[in-house]
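Nothing here was measured: the structure is a model prediction, and the numbers come from that model. Sequential numbering from 1 along the given sequence is applied to the chain's residues.
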Amino acid sequence: MTKIFETPLYPYKRSVDQDAGEVVRHPVVVVGAGPIGLGAAIDLAMQDVPVVVVDDNDKVSWGSRAVCYAKRPLEILDRLGCGDEFVDKGVLWNLGKVFFDERQVYDFDLLPEGGHKRPAFINLQQYYFEQYLVERAFELQREGKPIEIRGRNKVTHVDQQEDGARISIETPDGPYQLDTDWLIVCDGAASPIRQMLNLDFDGRVFEDNFLIADVIMEADFPVERWFWFDPPFNRGQSALLHSQPDNVWRIDLQLGWNIDKEKEKREENVIPRLKAMLGEDAKFEIEWVSIYTFQCRRMEQFRHGHVIFAGDAAHQVSPFGARGANSGLQDTDNLCWKLKLVMDGHAPESLLDSYNWERVYGADENILNSTRSTDFITPKSDVSRAFRNAVLDLAEHYEFARPLVNSGRLSVPAIYDGSPLNGDDDEALPVGTRPGAPYVDAPLEGGWLGDQLGNRFQLLAINCDVPEMLDVCGIGVETLKIDTSKHADKAFAERYLGAQPSAVYLMRPDQHVAARWCAFDETKVRAAVARATGRG
């Protein structure tokens with residue numbers, strides 16, 4: 001049976017640009033047809049921004065790679081019109097267990113409260129993730145949206161210009177060039193374009209390696225995240241087990257630093273390790289094996305004129321905690337509405353500097369948490385190991401110690417506290433929905449709040465009278481009115497009103513809160529829209 005990652009999904013076709021008499025210019029070119037590049041292209045195309053995606057591959061990624069997708073990225077996928085496909089195929093989970101040696105230390109629930117459309121996490125192989133995004137791009141094409149994916153188009157050179165960039169591309173039919181107003185770089189952790197521009201990462205590379213093995217097997221393990229410290233089958237190291245669709249199980253085994261990576265990836269060395277964990281009689285088939293090194297690094301700046309980096313091309317974190325693809329989707333979620341406003345002349349180009357501010361802020365938060373996880377998982381001294389083990393012993397019996405256990409702080413959305421785009425905040429309202437935070441979902445009559453937010457500026461008017469529409473310097477601000485007396489479920493009021501009788505929230509196109517008040521004041525709203533679009 002042919003695997004999905006063996007089948008070209010966007011095979012090479014000669015484009016009209018290759019036969020043009022001069023270099024053709026496009027508004028936006030995205031480099032990289034992985035989850036982040038496709039997410040950016042879909043977001044822009046939905047806003048009628050013409051976009052061309054180029055990639056040196058013509059297939060989805062081989063192997064599961066990123067497998068854990070958090071609630072916030074699932075909500076972004078809903079906004080992009082394809083969230084159901086991911087959740088329907090993925091393995092849904094909220095629960096996790098932590099083990100020390102052979103003992104269970106404690107368990108946890110990542111979404112203990114109800115009233116949310118999406119689960120805390122799903123597990124889904126990256127090749128499915130990319131497949132569904134490619135299918136969504138083709139669906140938009142059929143609807144007449146301006147999106148194109150060019151496979152086996154390898155970028156070999158980038159020439160930055162004052163008003164854009166010129167890229168050189170190699171294809172099976174030979175080279176050609178493109179000009180673009182904006183170049184969005186999503187070409188992965190090794191990022192050839194980052195190297196072409198002599199840009200580098202700052203941060204730490206940790207002295208440790210982990211083996212990833214995806215195995216196909218029938219197993220009766222529960223659908224939970226299991227993490228072991230110092231297990232008997234990998235003594236002195238750590239291990240992780242996750243369930244994926246199609247009876248695929250992700251196993252991570254810590255190996256140490258001074259290893260021969262190619263040797264460790266051979267089946268004759270991998271299989272004994274897996275059997276030590278699963279049992280000598282375990283029957284499984286290896287689908288994919290890789291070895292990774294912990295890295296917590298980022299570029300100093302994500303925006304370089306008209307060349308903008310996103311995803312792993314801009315920042316890297318250790319895999320434990322599921323922050324790679326999850327944070328990358330939040331990059332493009334943050335970028336695309338801003339780029340649209342700038343291209344349409346409704347915002348100054350300096351608005352894009354807020355992309356750099358907010359997503360560097362998010363990357364630093366991820367790097368901090370990922371570094372702490374790595375230091376806890378892989379202690380580098382006898383003292384730190386003794387501390388780690390003491391915390392694990394205490395956590396088995398005492399609740400106070402459990403927050404100190406760090407088996408990979410799992411991905412949470414960035415809250416842009418202090419962002420230059422944040423406006424007024426009435427602190428009498430709940431802290432969880434303050435300016436800079438993404439919306440918190442809640443059930444509404446016949447649906448969910450998240451399904452009614454996004455892709456434009458909106459006023460969320462709760463128990464108060466607000467105009468249906470405001471025009472602020474050419475930007476339409478729609479109003480979504482909610483009367484909490486008509487909703488039996490109290491979750492919405494708890495999350496957006498607290499003890500207050502009414503509220504008005506200004507929501508950004510990426511579903512983050514821009515400003516909020518307990519009563520409507522048009523002058524303040526207009527000032528907050530100006531600030532949120534870089535004109536305040």
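Looking at L44, L339, I147 one by one, the single match for side chain to side chain contact (heavy atoms under 4.5 Å, CB included) with V49 turns out to be L44. Remark: of the listed residues H304, H26, H306, H306 is the sole one forming a ring-ring contact (aromatic ring centres under 6.0 Å, His included) with W182.
With hydrogens and angles disregarded, no donor-acceptor distance shorter than 3.5 Å links the side chain of R266 to the backbone of E268. Judged by distance alone, with hydrogens and angles left aside, the side-chain atoms of T180 form a donor-acceptor pair with the main-chain N or O of V29 at under 3.5 Å.
Separation of the W93 and H242 ring centroids falls under the 6.0 Å cut-off. Ring centroids of F201 and H315 are separated by 6.0 Å or more, keeping the two rings apart. Between F221 and W249, the ring center distance clears the sub-6.0 Å criterion. In this structure, Y69 has its ring center closer than 6.0 angstrom to the ring center of F129. Aromatic ring centres of Y416 and H512 lie closer together than 6.0 Å. Taking the six-membered ring for Trp and the full ring otherwise, the centers of F210 and Y292 sit less than 6.0 Å from each other.
The side chain to side chain donor-acceptor pair (under 3.5 Å) test applied to Q511 returns R72, not counting sequence neighbours. Applying the ring pair (Phe, Tyr, Trp, His ring centres under 6.0 Å) criterion to F376, with sequence neighbours excluded, gives F229. Taking F233 as the reference, W228 meet the ring pair (Phe, Tyr, Trp, His ring centres under 6.0 Å) condition, with sequence neighbours excluded.
Atom CZ of R152 sits in a sparse spot, with 12 or fewer heavy atoms from other residues, nucleotides or ligands closer than 6.0 Å. Surrounding CD of E349 are more than 12 heavy atoms belonging to other residues, nucleotides or ligands, all under 6.0 Å away.
Both the sub-6.0 Å distance and the 45° axial angle are satisfied by K89 relative to the ring of Y128.
Nearest heavy atom pair, residue F227 against residue S238, reads CZ-CB, 3.8 Å.
For the atom pair OH of Y361 and CD of E365, the computed distance is 6.0 Å after rounding to the nearest 0.5 Å.
Counting heavy atoms from C-beta outward, I212 and I251 have side chains that stay 4.5 Å or more apart.
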Would Y132 and F86 count as a ring pair (Phe, Tyr, Trp, His ring centres under 6.0 Å) here? Give the steps.
CA-CA 7 Å; Y132 297 152; F86 293 83; 5.4 Å; yes
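No hydrogens or angles considered: a donor-acceptor pair under 3.5 Å links the side chains of D214 and Q244.
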